[in-house]
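The chains referred to below are lettered A, B, ... by the order of the sequence lines, with proteins before strands, and numbering in each begins at 1.
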There are 2 protein chains.
Amino acid sequence: METIEQFLESKNIRVTAMRLLIYKFLAENQVAVTLSDIENAFEKADRTTLYRTIKTFEENDIVHQIDDGTGITKYALCEKGCNCEIETDLHLHFHCNNCNETICLTEHKIPQIKVPDGFVSENVNLVVKGICDKCSGQ
Amino acid sequence: METIEQFLESKNIRVTAMRLLIYKFLAENQVAVTLSDIENAFEKADRTTLYRTIKTFEENDIVHQIDDGTGITKYALCEKGCNCEIETDLHLHFHCNNCNETICLTEHKIPQIKVPDGFVSENVNLVVKGICDKCSGQ
DNA sequence: CAATAAATGCACTTCCATTGCATAGATATT
DNA sequence: AATATCTATGCAATGGAAGTGCATTTATTG
Ligand SMILES: [Mn+2]
Ligand SMILES: [Mn+2]
Ligand SMILES: [Zn+2]
Ligand SMILES: [Zn+2]
């Protein structure tokens with residue numbers, strides 16, 4: 001069982017208190033979070049530090065960015081076995097129009113999309129909007 | 001053959017010089033344009049007017065908004081027969097990582113996307129990124 | 001023509017993302 | 001251990017795009 005410390009070191013990222021806290025925060029949240037969400041969770045920390053921490057994570061394929069169409073960038077931990085380095089994030093994202101939460105549907109891979117002749121598809125962003133299970137359920 | 005004037009009137013939009021110019025500009029461009037693109041094309045006009053014109057078009061299903069992941073909203077004319085009022089834009093969009101242009105692939109409809117139980121899909125945003133025909137071709 | 005309504009232009013605001021630079025903290029080197 | 005070196009953090013400022021309030025111009029109506 002790999003600790004977070006070991007995991008970060010394996011990515012050649014220095015272990016700091018802040019990074020551990022933010023990593024744990026992301027791990028606790030099953031939904032994608034905004035920078036403001038992180039900011040609210042760590043009011044003592046500076047916004048820039050949080051921003052740069054998440055960028056460091058992103059550059060090292062620890063988190064992936066999600067553009068769910070709200071205009072605010074969201075972030076979520078990559079799955080364990082994900083190969084962000086090689087291929088881009090292939091699962092789809094769901095944005096709830098009711099509670100405004102965005103979640104990774106990591107089980108749901110994006111289908112192969114046909115593009116016209118002459119076009120080369122490199123990656124695909126697929127966001128489904130609607131009502132999430134928590135909001136639709138009773 | 002319907003003129004632009006008649007078309008705007010059919011949508012209960014007053015015909016103004018500015019609106020005609022912007023409509024023509026959109027019709028000339030086969031690619032999706034940003035507000036800045038329009039601004040550059042009409043340097044004499046005020047940004048707010050351009051902004052509000054495009055919003056008016058959007059509200060009346062003359063143009064649709066495209067979020068291609070660049071962070072900058074783009075707009076394109078709706079197809080003639082499109083039923084924006086009823087269903088959301090169902091075709092996919094292609095963003096070229098080389099020339100940065102985004103185009104509507106109106107022929108390519110978005111496939112039915114399965115979502116997990118409890119989730120309700122209301123609409124889907126699908127953007128394929130890669131290399132466009134102009135950039136890949138020789 | 002007067003009264004009314006809509007479109008335009010200017011200024012300003014808000015929100016989020018991003019950067020420069022100074023400082024604190026950690027690592028490496030002697 | 002002391003110093004030099006590098007990295008992470010914090011603060012302040014910037015930039016870009018979207019959006020709004022209000023005055024003015026322009027069009028429409030009676
Ligand atoms: Mn995801
Ligand atoms: Mn389109
Ligand atoms: Zn919900
Ligand atoms: Zn291209």
Next on the checklist: Quick check against the 3.5 Å criterion: does B/Ser136 have a side-chain atom that pairs as donor or acceptor with the backbone of A/Gly118?
Outcome noted: yes
Checklist entry - Atom CD of B/Glu39 to atom C1' of C/dT8: distance rounded to whole Å? => result 15 Å
Checklist entry - Are B/Arg19 and C/dA7 close enough that a side-chain N or O sits under 4.0 Å from OP1 or OP2? => result yes
Checklist entry - What is the distance, rounded to the nearest whole Å, between atom NZ of A/Lys11 and atom P of D/dT7? => result 20 Å
Item to check | Degree of bending, the helix from C/dC1-D/dG30 to C/dT30-D/dA1 (end axes from five pairs; round to 10°) | outcome: 20°
Checklist outcome for this item: Once base and sugar-phosphate atoms are separated, protein heavy atoms under 4.0 Å mark nucleotides 10-23 of chain C, 5' to 3', with B, S and - as BB----SBSBB---
Checklist entry - Using a cut-off of less than 4.0 Å, is there contact between a side-chain N or O of A/Thr16 and OP1 or OP2 of D/dT9? => result yes
Checklist entry - Taking only residues two or more places apart in sequence, or in another chain, which ones meet B/Glu2 in a side chain to side chain contact (heavy atoms under 4.5 Å, CB included)? => result B/Gln6, B/Phe7, B/Ser10
Next on the checklist: Taking 4.0 Å as the cut-off, does a side-chain nitrogen or oxygen of B/Thr49 come that near to OP1 or OP2 on C/dA7?
Outcome noted: no
Next on the checklist: Any non-hydrogen side-chain atom of B/Leu20 less than 4.5 Å from a side-chain atom of B/Leu8?
Outcome noted: yes
Checklist entry - Hey, is the main chain of A/Thr48 close enough, under 3.5 Å, to the side chain of A/Asp46 for a donor-acceptor pair? => result yes
Next on the checklist: Counting only heavy atoms from other residues, nucleotides and ligands, does the tally under 6.0 Å from NZ of B/Lys114 exceed 12?
Outcome noted: no
Checklist entry - Are any of the side-chain heavy atoms of A/Leu26 and A/Phe57 separated by less than 4.5 Å? => result yes
